[in-house]
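Note that these values count all heavy atoms, side chains included, but never hydrogens, waters or copies made by symmetry. Note that the structure is predicted; figures quoted are calculated from it, not measured.
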Amino acid sequence: QLGSCGGSAARRKAASLDLATSIVPGGGPSPVDADAVAPIEVDLLAGPLLVCGRGRSGRTAFLDGLQAMLGRGDRPPVVIRSTDLAVAADQVEAFLSTPGVTDPERSGSWALLMVDGADQCDTVAGADHALRSARDRLVAAVELHGRRLGVVMTADSGEARQRMAADGLV
């Protein structure tokens, strides 16, 4: 389980979408009443954010929308999003080893790791030593560099509940 990554002075607004016109599969308007939903602010560097739901509940669409919204911000993060844990771990380590990207007022000074289906990644990593090593590198990077590395993961709520005692992303 990812540990606490520490606080962050800078707040990242993570949900100020007009939900009536948010991104949905098929590109049409969302069936959500924007007046019935209030935006929330989440500090993406305070600790990992886990978005759970059942299949076809909009978890991937949430990541797509968040990535698009953050890309329009004043200081967008470097987004690291791969279905391959080893590739993601390499990209995180490359970002963290880049000199001169520590200024919090500069674009690209922080990275956001997006893991879609973290529960599935944990399942596969449990049986594959190389993927388990990559997963452990990601966990260590988040624990050590929480002020520069945010994490948003999705997981099937049923699978995540079953994995609560096991080590891993979820």
Closest contact, heavy atoms only, [X] versus [Y]:
X: Asp119; Y: Ala155; value: OD1-CA, 3.3 Å
X: Ala141; Y: Val92; value: CB-CG1, 3.7 Å
X: Val115; Y: Cys121; value: CG1-SG, 4.1 Å
X: Cys52; Y: Arg59; value: C-CD, 4.2 Å

Looking at Leu50, Leu113, Val139, Val142, which hits side chain to side chain contact (heavy atoms under 4.5 Å, CB included) with Leu169?
Val139

Do side-chain atoms of Trp110 reach the backbone of Pro76 as a donor and acceptor pair under 3.5 angstrom?
no

Thr154 side chain vs Gly117 backbone, donor-acceptor pair below 3.5 Å:
yes

Could you pull out all residues at least two apart from [X] that satisfy side-chain contact (heavy atoms from CB on, under 4.5 Å)?
X: Asp136; value: Arg132
X: Ala89; value: Ala134, Arg137, Leu138
X: Ala94; value: none

Distance (rounded to the nearest 0.5 Å) between [X] [atom1] and [Y] [atom2]:
X: Glu93; Y: Leu149; atom1: CD; atom2: CG; value: 11.0 Å
X: Gln91; Y: Ser82; atom1: CD; atom2: OG; value: 6.0 Å
X: Leu112; Y: Arg148; atom1: CG; atom2: CZ; value: 14.0 Å

Would you say that [X] contacts [Y] through its side chain, given a criterion of any heavy-atom pair below 4.5 Å between the two side chains?
X: Met114; Y: Leu66; result: yes
X: Arg147; Y: Leu45; result: no
X: Val152; Y: Leu63; result: yes
X: Pro48; Y: Met153; result: yes

Check whether Val87 and Leu85 end up in the same hydrophobic cluster, where Ile, Leu, Val, Met, Phe, Trp and Tyr are linked by side-chain heavy atoms less than 4.5 Å apart.
no

According to a hydrophobic-cluster definition based on side-chain heavy atoms being under 4.5 Å apart (Ile, Leu, Val, Met, Phe, Trp, Tyr only), do Val151 and Leu144 belong together?
no

Can you run down the salt bridge (charged side-chain N to carboxylate O under 4.0 Å, His left out) pairs that involve residues 77-88, sequence neighbours left out, and say none if there aren't any?
Asp64-Arg81

Ser133: which residues meet the side chain to side chain donor-acceptor pair (under 3.5 Å) condition with it, sequence neighbours left out?
none

Carboxylate-amine/guanidinium proximity below 4.0 Å for Arg54 and Asp156
yes

